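Accompanying notes for the structure given below.
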Amino acid sequence: MKNDLGFTFLPRFAVASELRAGELVEFEAGLGETVITAACCWHKDKWASPLISLFSGLCESGW
């Protein structure tokens, strides 16, 4: 456990360097081909950077 925070469910690519460095350990969760649904929210009246605007547009279009 890094920083003694416990367990989490992350995509391997997000922690690949930490796994290679031995900072994190991968456990088999037995979830197989589990589909994870993600939600992205933002306040409609708040400023959004050009990158966030591009990302939200891609999400809304379904890529």
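Along the sequence shown, residues are numbered consecutively beginning with 1. In this text, all values refer to a predicted model and were calculated from it rather than measured experimentally.
Under the rule for a side-chain contact (heavy atoms from CB on, under 4.5 Å), the partners of E26 that lie at least two apart in sequence or sit in another chain are R12, L19. In this view, F13 and P11 satisfy the side-chain contact (heavy atoms from CB on, under 4.5 Å) rule, not counting sequence neighbours.
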Show me, pair by pair, the donor-acceptor contacts under 3.5 angstrom made by side chains of residues 44-58, not counting sequence neighbours?
{"from": "S49", "atom 1": "OG", "to": "I52", "atom 2": "N", "distance (Å)": "3.2"}
{"from": "S53", "atom 1": "OG", "to": "S49", "atom 2": "O", "distance (Å)": "3.2"}
{"from": "S56", "atom 1": "OG", "to": "I52", "atom 2": "O", "distance (Å)": "3.3"}
{"from": "S56", "atom 1": "OG", "to": "S53", "atom 2": "O", "distance (Å)": "2.9"}

